[in-house]
Q: 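Below is the structure I would like to discuss, written out as structure tokens.
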Amino acid sequence: MLVKNKNFNLQQIAESGQCFRMNQIAENKYSLIAYDRYLELEQIDEEEVELSCSEEEYELIWRDYFDLDYDYQRIIDTLLQGKDGFLKEAAEFGYGIRILKQDFFEMMISFIISQNKNIPGIKSCIEAICKKYGNYMVCETTGVSYYSFPAPEALAQADLKDLRELKVGYRDAYILSAAKAVAEGQINLSVIKNCSYEEAKAKLMAIHGIGEKVANCICLYGLHHIGVFPVDVWIKRILKEIYQDEFNIRQFDGYMGIVQQYMFYYMRNKTA
DNA sequence: CTCCAGGCCCCGA
DNA sequence: TCGGGGCATGGA
């Protein structure tokens with residue numbers, strides 16, 4: 001299944017720090033596990049990506065997952081035509097990144113794990129959790145075996161000692177409280193999906209182990225509130241060192257989260 | 001070896 | 001309401 005889009009770059013997305021189960025498997029080729037499925041993707045050229053799935057599956061899952069009906073070029077152009085030098089560089093550098101519409105529960109747990117961890121560390125914890133609490137599956141089209149991300153009910157039955165063995169550290173209780181909140185109904189997906197950003201954030205922050213930053217990431221990546229501006233150590237560094245703490249986060253009202261993604265990605269990689 | 005990571009909780013002021 | 005210490009652990 002061939003997809004044409006001017007702003008669809010696999011490497012950029014895989015390394016953007018928003019998804020943790022997308023990995024390079026060969027030159028220009030990536031694997032992805034999401035929504036209980038396994039997908040392989042190949043960057044054919046700057047504007048073309050080949051997906052290892054049928055057109056039906058693409059229409060059902062991946063078109064929406066990669067937010068392919070949203071015009072990211074418009075935002076890139078806005079930044080490139082603006083007066084802000086840092087944002088120009090960030091837009092040029094982050095060209096091809098999109099904000100994925102990932103699974104809500106997976107984002108909850110992934111960003112709880114993310115606190116005080118680097119991205120390779122986050123990934124290894126998530127894989128360990130999938131292997132222990134997810135389902136063993138085999139992809140029909142590729143024959144590749146993998147573990148799905150666990151359902152809330154499965155993870156809610158974990159005990160702290162077992163979680164600790166997966167090297168999640170002090171986040172064990174946070175993971176458990178979040179899984180129980182979903183499994184027991186305090187957080188209901190169909191309800192929170194229809195909440196405003198403020199309501200969703202408040203519900204999330206009521207969970208032990210979810211603060212403002214993690215709640216914002218869940219809202220942005222798990223609920224697709226693209227106006228949200230998560231502030232982590234890298235963004236803090238930008239706000240202080242580049243803008244002397246005078247950055248106006250209201251200047252891109254309604255899509256500040258996308259701009260944030262370009263800023264984060266540029267700052268994290270430009271000196272690496 | 002040391003330093004740091006897409007932070008949060010908890011405590012004392 | 002705000003600031004700082006403590007926290008588990010692996011990667012660099």
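Just so it is clear, the values below take in all heavy atoms, side chains as well, and ignore hydrogens, waters and symmetry mates. So that the names make sense, note that chain A is the first sequence line, chain B the second, and so on, each numbered from 1.
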Q: Between P on C:dG3 and NZ on A:Lys236, what's the gap in Å once rounded to a whole number?
A: 11 Å
Q: Round to a whole Å and report the spacing from CD1 of A:Ile109 to P of B:dC8.
A: 14 Å
Q: When the P atoms of C:dA8 and B:dC11 are considered, how many whole Å apart are they?
A: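 Going atom to atom, P in each nucleotide, I get 15 Å.
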Q: Can you tell me if A:Phe264 is stacked onto the base of B:dG6, using a 5.5 Å centroid cut-off and an angle below 30°?
A: yes
Q: Given that A:Gly209 and A:Arg237 both sit by DNA chain B, which one's nearest nucleotide is further toward the 5' end?
A: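 In this pair, the answer is A:Arg237.
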Q: A:Tyr136 and A:Tyr146: aromatic ring centres closer than 6.0 Å?
A: no
Q: Can you list, in residue-number order, the parts of residues 163-170 of chain A that come under 4.0 Å of DNA chain C, counting heavy atoms only?
A: A:Arg164, A:Lys167, A:Gly169, A:Tyr170
Q: State whether the side chain of A:Arg98 and the backbone N or O of A:Phe66 hold a donor-acceptor pair below 3.5 Å, judged by distance alone.
A: yes
Q: Knowing that exactly one of A:Tyr262, A:Tyr95, A:Tyr265 qualifies, which makes a side chain to side chain donor-acceptor pair (under 3.5 Å) with A:Gln12?
A: A:Tyr265
Q: What I want to find out is whether A:Lys201 reaches A:Glu212 closely enough, with some N-O distance under 4.0 Å, to be called a salt bridge.
A: yes
Q: Students often mix this up, so state it plainly: with edges at 30° and 60°, are the rings of A:Tyr255 and A:Phe252 parallel, tilted or perpendicular?
A: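 Geometry flag for A:Phe252 against A:Tyr255: tilted rings.
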Q: Send over the distance from A:Ile112 CD1 to C:dA8 P, rounded to a whole Å.
A: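 Nearest whole value for this atom pair: 16 Å.
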Q: Taking only residues at least two apart or on different chains, which pairs with a member in residues 154-170 of chain A satisfy salt bridge (charged side-chain N to carboxylate O under 4.0 Å, His left out)?
A: A:Arg164-A:Asp172
Q: Within the modelled atom types, does a donor on one side and an acceptor on the other bring the side chain of A:Asn116 and the base of C:dA8 under 3.5 Å apart?
A: yes
Q: Does the base of B:dG6 carry an N or O that pairs as donor and acceptor with the side chain of A:Tyr221 under 3.5 Å?
A: yes
Q: Should the pair A:Lys240-A:Asp245 be classified as a salt bridge under the 4.0 Å nitrogen-to-oxygen rule?
A: no
Q: To the nearest Å, give me how far apart CG (A:Asn118) and C1' (C:dA8) are.
A: 13 Å
Q: Return the residues of residues 210-220 of chain A meeting this criterion: a heavy atom under 4.0 Å from some atom of DNA chain C. Order them by number, or give none.
A: none
Q: Closer than 3.5 angstrom, by distance alone: can the side chain of A:Glu106 be matched with the main-chain N or O of A:Ala34 as a donor-acceptor pair?
A: no
Q: State which residue, out of A:Glu46, A:Gln73, A:Glu47, A:Arg74, fulfils the side chain to side chain donor-acceptor pair (under 3.5 Å) condition with A:Asn7.
A: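 For A:Asn7, the side chain to side chain donor-acceptor pair (under 3.5 Å) test succeeds with only one of A:Glu46, A:Gln73, A:Glu47, A:Arg74, which is A:Gln73.
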